[in-house]
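Atoms within each ligand, like the ligands themselves, are counted from 1 in listed order. Computed from a predicted structure; not experimentally measured.
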Amino acid sequence: MPIAVKGNISTVNLPTTCSSNILRDWVSPYDASVVKLLKDAGAIIIGKSNMDEFGMGAYGPTYNPVSFLNNSTNTDSLKNETSNRDLDTPTDDMFVPGGSSGGSAAAVAANFCLSALGSDTGGSVRLPASYCGVYGFKPSYGRFSRYGLVSYASSLDTIGILGNNLENTKTLYDLISSFDPNDATSVDFSSQSCSQERKDLEGITIGIPQEYYVDGLSQEMLECWSNGIKKLENSKAKIVKVSLPNTVNALSSYYCIASAEASSNLARFDGIRFGKRSEQPDLTEKHPLYSHTRTEGFGPEVQKRIMLGTFVLEASSYESYFGKATMIRNMIKEEFRTCFQKADILLTPATIGGAPTVSGIKINSNLEGGVSEYANDVFTVPASLAGLPALVVPFGAKKTTFNNRELQLPLGLQLISEFGNDELCFDVARFFNKTIL
Ligand SMILES: NC(=O)C[C@H](N)C(=O)O
């Protein structure tokens with residue numbers, strides 16, 4: 001199976017740059033455990049995919065293939081379409097793939113490969129899956145080895161899978177679900193496998209978190225969500241309302257914890273041991289080599305997060321920021337636990353709407369200091385904070401026209417299940433294909 005691998009997952013013969021200047025041309029001396037498992041099973045690694053620098057969703061330069069496909073999945077027409085365009089001056093029919101595994105999602109959506117490895121810290125696999133119309137899976141924390149994944153926020157990071165269909169996504173899941181003694185956070189789930197061939201969803205209760213009806217949820221996503229609920233109901237699932245009151249605080253908690261961990265993890269990139277080293281350090285500064293290397297090597301989003309993270313970890317702000325964020329995280333975990341007493345699995349939107357345009361993202365970033373994109377993670381970060389498995393299923397599309405050209409922007413729904421019960425996501429997802437509304 002041809003597979004693309006995200007640029008932050010180590011591979012021996014291809015560069016692992018995390019799309020960062022600081023790791024430009026860097027090649028790892030070893031394969032990540034997940035890559036090794038795939039190679040041993042005969043997979044063909046077709047290349048490394050583009051990403052937002054170090055996984056920090058700034059919606060980097062990849063374009064969403066939907067912008068060019070024109071309702072056709074033909075790779076030749078994609079090539080023609082892209083070669084006719086000036087990709088440096090995006091028009092209003094050019095969309096972002098989402099981040100940070102945008103390159104992996106785009107590669108699958110464009111039929112360059114059947115599946116791809118990504119990584120998901122707060123939605124980095126699930127958001128691009130939804131925007132590009134492919135499957136996107138984030139496992140229970142600890143199920144896939146992180147050995148060889150460049151760390152961003154270690155308590156949240158997971159390897160994830162993007163797939164063109166459910167079967168290929170599940171094949172990769174089966175191959176890389178493996179305990180790894182090289183990863184101290186790896187969990188042995190081998191005794192917990194519970195996948196079942198079901199003829200319908202009788203006996204399965206689907207929870208609908210009421211707090212996910214957020215302000216700003218687009219009309220098309222609202223419709224997509226209620227169609228999804230109907231589809232599962234038609235397959236004999238029982239639908240119940242559940243409550244996750246701290247959804248409103250999840251984004252602040254996530255961005256505080258993720259930035260704090262990033263500021264610590266990224267301290268290793270200092271120009272001494274890895275990648276780029278500044279050639280012109282200003283010797284009048286206190287730490288000229290470190291500061292110049294890091295100023296030249298990291299992009300603006302990464303620098304912003306390092307500064308935010310350093311701030312929330314300072315002794316004077318620790319309790320009011322990092323301490324509170326951790327408390328909220330614990331409350332979110334507890335709320336999920338309560339939900340799973342009423343429901344087996346939750347169904348939510350993956351995003352608030354279809355993919356934004358490239359130019360829209362640029363305008364918003366300039367106006368609001370670059371935090372507006374963070375709001376798009378509202379439905380994905382809660383499962384990350386709680387370490388739960390979640391699967392995004394492509395379901396529906398938003399129709400839009402530009403210069404008389406009709407485009408269909410994909411929309412995805414998210415299934416979230418209990419810790420360790422990853423396979424239930426796949427079991428339920430099958431019914432999005434089976435039942436006719
Ligand atoms: N890495 C992720 O999962 C994406 C998230 N938007 C972030 O920037 O942290």
> Hey, which atoms in ligand 1 end up nearer than 4.0 Å to a heavy atom of Gly55?
Replying inline: 1 (N), 2 (C), 4 (C), 7 (C), 8 (O)

> Rounded to the nearest 0.5 Å, what separation is found between the OH atom of Tyr255 and the CZ atom of Arg305?
Replying inline: 5.0 Å

>> Side chains of Ser67 and Asp93: any donor to acceptor distance under 3.5 Å?
In response: no

> Do any nitrogen or oxygen atoms of Gly123 lie less than 3.5 angstrom from nitrogen or oxygen atoms of ligand 1?
Replying inline: yes

> Excluding sequence neighbours, so at least two apart, what forms side-chain hydrogen bond (donor to acceptor under 3.5 Å, both in side chains) with Glu418?
Replying inline: none

> Which option out of Gly98, Gly118, Ala153, Gly122 puts a heavy atom nearest to atom 3 (O) of ligand 1?
Replying inline: Gly122

> Would you say the side-chain atoms of Lys276 and Ser20 include a donor-acceptor pair closer than 3.5 Å?
Replying inline: no

>> Can you pull out every salt bridge (charged side-chain N to carboxylate O under 4.0 Å, His left out) where at least one residue sits in residues 336-345? Sequence neighbours excluded, please.
In response: Glu334-Arg337

> Is the gap between the ring centers of Phe419 and Phe336 under 6.0 Å?
Replying inline: no

> Does some non-hydrogen atom of Arg305 fall short of 4.0 Å from ligand 1?
Replying inline: yes

> Heavy atom of Ala258 under 4.0 Å from ligand 1?
Replying inline: no

> At under 4.0 Å between heavy atoms, which part of Thr121 makes contact with ligand 1: side chain, backbone, both or neither?
Replying inline: both

> Does any N/O atom on Gly99 come nearer than 3.5 Å to any N/O atom on ligand 1?
Replying inline: no

>> Which of the numbered atoms in ligand 1 are under 4.0 angstrom from any heavy atom belonging to Tyr255?
In response: 5 (C), 6 (N), 7 (C), 8 (O)

>> Could you report the tightest heavy-atom contact between Asp120 and Ser384, atom names first, then the distance?
In response: OD1-OG, 3.9 Å

> Are any of the N or O atoms of Asp120 closer than 3.5 Å to those of ligand 1?
Replying inline: no

